[in-house]
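To start, the structure under review is shown below, and the notes come after it.
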Amino acid sequence: MIERLKKELKQDHLKRTIENQEREQMFDTVIRGVQIVDGNGGAPYSGDIAIKDGRIEAVGLVEGRGFEEIQAEGAIATPGWIDVHTHYDGQVSWDDTLDPSFSHGVTSVVMGNCGVGFAPAPPGGEQRLIELMEGVEDIPGTALYEGIEWGRWETFPEYLDYLESRHYSLNVAAQVPHSALRSYVMGDRALRHEDATAEDLAAMAKIVEESMAAGAVGFSTSRTVGHRSVVGETIPGTFAEREELLALAGAMKAANKGVFQAVPAGVVGDLAGPEHQTTEEEVALFADIAEASGRAVTFTLAQNFNRPDQWRHCLDIVEQASDRGLIIMPQIATRPIGFVTSLKSYHMFQRRRTYLELVDLPFAERLAMLKRPDIKARILADDDIQPELAGSMENIYGLLGMAASSMFPLSVPMNYEPEPEGTLGHLAEKAGMPIDSFVYDFLLGEEGNNFAISLGANFVSGNFDVIHDMLLHPQTTIGLSDAGAHVNLIFDAVGPTYQLMHWVRDRSRGPKLPIELIVAKQTARNADLFGLKDRGRIAPGQIADLNVLDLDRLSLGELRVTHDLPAGGGRILQSASGYLNTFVRGVKTRAQDEDTGARPGRLLRA
């Protein structure tokens, strides 16, 4: 009896040992028969992807089994999108979802762009930082006041530690913002744009070096007069002298880390007034910064109406710098940078005296009043009342009025490369109506849910040919989504989804582009730029940040305005369909376009 029990126990132990060995040899997930676009720029190929312990274990023909097997024949696998131009600096404090990026396959974001952010933050200095962010990036100040956990950090390394304590749907990385840095060191002198003293330069350089050592992935600055605080002041750093920029570049060299990110003067033309330098002069300065720092420089590049060939001249300078061994990488958008108008966001009538009398009514009641012919007549005849804050985005009403004739209606499916016959101006002329009366009626249509868009930068010739050439340039990368910012005016955070739809699948007014090019510039190119060497590609050993998508049914939903920001702040969102799965660190975060609730995203330190 005892011998039989011993034999059974031995057999049971052997069975469990074999089962444990088999389990150890199994993968967490295997994606089978998928078309792989690996991020390196090569042609797609069919294969399997095995994931284990958060990393890609094998690619190609995978013989082992996975605890989860995903049959993905007909689908496409890509690295997770890496969005290097976002403004989630405040949102990371109250939100672990980080939409709109999360819904569009983004698995890593870089924030702290354009020189604005919330660290370093002196005790009691939050108002100044909020005014800068609200003015530049159109994020409601009330949301920032209420939503951010003020007092949890002062220094930039402390801000990184705070981020590390939180979990998100995707990974986050942060840059040191020039305006916050300059304000922290120089106080009110920074707002007056005084030149930095030797002591100021030493203090700022020390903070930059310490921040890079702590894990900041870059330093950012803005040099355009169009970036103003909500009270109308150009932001600190706009007119920083060459000496200051080179001192900060020296700090990056000492740390041997980080990317220098900039918005150059003149990049949007004369939209906000005369600039202190041409964009070509700025890019030449960026080459000197790249040389002094030994680090990569990335900057915003777009075509503008005042100097429509300026972007080409800038790329010439970039090519010359590349010949000298310097890394200067322009960030480009994959569609025109457009301003959106609707009755629920910004519009040309929002500062009319009669409209202001109605603005606090519940939306349904306001809409009913606006439909009355007498109210319409009064609003069309009214003067505009200027906002109290000179830098508030509410001042956009004037620009929206001037652009009304050239705006295009937005409807599903949305045509982002429309013919000129589709403008509101043409439609108004066809209807025999003055443009302001036509726009008024348009905004009230569909029960106040109509949207229109003004296609600005990159649409000078009325097509996307310039964007096509920018995308093909070997030195450019895809950025400028502004995700988390301009919440009631711009919705370019959907770019990673849109660019596959338009450039790879749907474009009819010019040549399409290969999927491997678009994917590479949204993944590996951005990972390499910011030193995120363990992601951005589908290859063994890489972190398993992945998308599995159905390109044929990839689509964008209708624009909608939600009021889910702290203090009831509103924002424009647009959904995506066609993402079968998204993985972050090997964990499935989205399935069939739905949030799984998993939050594996972490802080990425350089």
Sub-4.5 Å side-chain heavy-atom contact between [X] and [Y]:
X      : Y      : answer
Leu301 : Val283 : no
Ile332 : Thr477 : no
Val110 : Val217 : yes
Ile56  : Leu546 : yes
Met212 : Met252 : yes
Met111 : Tyr88  : yes
Met133 : Arg128 : no

In terms of heavy-atom contacts, does [atom1] of [X] have more than 12 from other residues, nucleotides or ligands at under 6.0 Å?
X      : atom1 : result
Gln386 : CD    : no
Leu399 : CG    : yes
Glu194 : CD    : yes

Between [X] and [Y], do the side chains contain an N or O donor and an N or O acceptor separated by less than 3.5 Å?
X      : Y      : result
Thr155 : Tyr184 : no
Thr298 : Gln331 : yes
Thr97  : Asp99  : no
Tyr159 : Glu154 : no
Glu137 : His227 : no
His87  : Asp482 : yes
Thr86  : Asp83  : no
Asp492 : Ser481 : no
Asn488 : Ser345 : no
His178 : Glu244 : yes
Thr334 : Gln499 : yes
Asp138 : Tyr346 : yes

>> Using the rule given for salt bridge (Lys or Arg N to Asp or Glu O under 4.0 Å), can you reason through Arg189 versus Asp200, listing the C-alpha separation, both sets of side-chain angles and the distance that settles it, and then say yes or no?
In response: CA-CA 11 Å; Arg189 292 185 295 120; Asp200 294 331; 2.9 Å; yes
With a 4.0 Å cut-off on N to O distance, would you call [X] and [Y] a salt bridge?
X      : Y      : answer
Arg307 : Asp270 : no
Arg605 : Asp161 : yes
Glu291 : Arg324 : yes
Arg242 : Asp288 : yes

Under 3.5 Å donor-acceptor, [X] side chain and [Y] backbone:
X      : Y      : result
Gln261 : Thr300 : no
Ser183 : Ser179 : yes
Ser93  : Glu149 : yes
Glu516 : Gly42  : no
Glu275 : Val225 : yes
Ser229 : Leu132 : no
Arg228 : Glu233 : no
Asp89  : Gly112 : yes
Asn547 : Thr78  : no
Arg166 : Val92  : yes

>> Tell me whether the NZ or CZ atom of Arg602 lies within the 45° cone about the ring axis of Tyr168 and under 6.0 Å from its centre.
In response: no
>> Here's one to test your reading of the geometry: is the NZ or CZ of Arg599 within 45 degrees of the ring axis of Phe102 and under 6.0 Å from its centre?
In response: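 The answer is yes, since Arg599 meets both limits relative to Phe102.
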Kindly give the heavy-atom pair with the smallest separation between [X] and [Y], and that separation in Å.
X      : Y      : value
Pro177 : Ala119 : CD-O, 3.2 Å
Ser293 : Ala249 : CB-O, 3.3 Å
Gly141 : Ile130 : CA-CG2, 3.8 Å
Asn171 : Pro600 : OD1-O, 4.4 Å
Gly215 : Leu160 : C-CD1, 3.8 Å
Val263 : Cys114 : CG2-SG, 3.7 Å

[atom1]/[X] to [atom2]/[Y] distance, rounded to the nearest 0.5 angstrom?
X      : Y      : atom1 : atom2 : answer
Asp469 : Leu472 : CG    : CG    : 6.5 Å
Leu604 : Asp534 : CG    : CG    : 7.5 Å
Arg537 : Asp545 : CZ    : CG    : 13.5 Å
Phe299 : Ile328 : CZ    : CD1   : 7.0 Å
Ile543 : Arg55  : CD1   : CZ    : 3.5 Å
Lys533 : Gln542 : NZ    : CD    : 10.5 Å

> Is there a side-chain contact (heavy atoms from CB on, under 4.5 Å) between Arg192 and Met186 once you walk through the steps?
Replying inline: CA-CA 10 Å; Arg192 296 194 295 268; Met186 297 176 60; over 6 Å; no
>> Set out, in order, the CA-CA distance, both residues' side-chain angles and the distance that settles side-chain contact (heavy atoms from CB on, under 4.5 Å) for Ile337 and His486, then state yes or no.
In response: CA-CA 12 Å; Ile337 299 171; His486 303 294; over 6 Å; no
> For the ring pair Tyr498 and Trp503, is the centre-to-centre distance below 6.0 Å?
Replying inline: no
>> Working note: Thr476 + Leu315, criterion side-chain contact (heavy atoms from CB on, under 4.5 Å); need CA distance, chi angles, decisive distance, verdict.
In response: CA-CA 9 Å; Thr476 63; Leu315 286 178; 4.1 Å; yes
Should the pair [X] and [Y] be assigned to parallel (<30°), tilted (30 to 60°) or perpendicular (>60°) ring geometry?
X      : Y      : value
His193 : Phe239 : perpendicular
Trp153 : Tyr162 : tilted
Phe459 : Phe464 : perpendicular

> Going through the checks in order, is the side-chain contact (heavy atoms from CB on, under 4.5 Å) test met by Met204 and Leu248?
Replying inline: CA-CA 7 Å; Met204 285 191 282; Leu248 300 177; 3.8 Å; yes
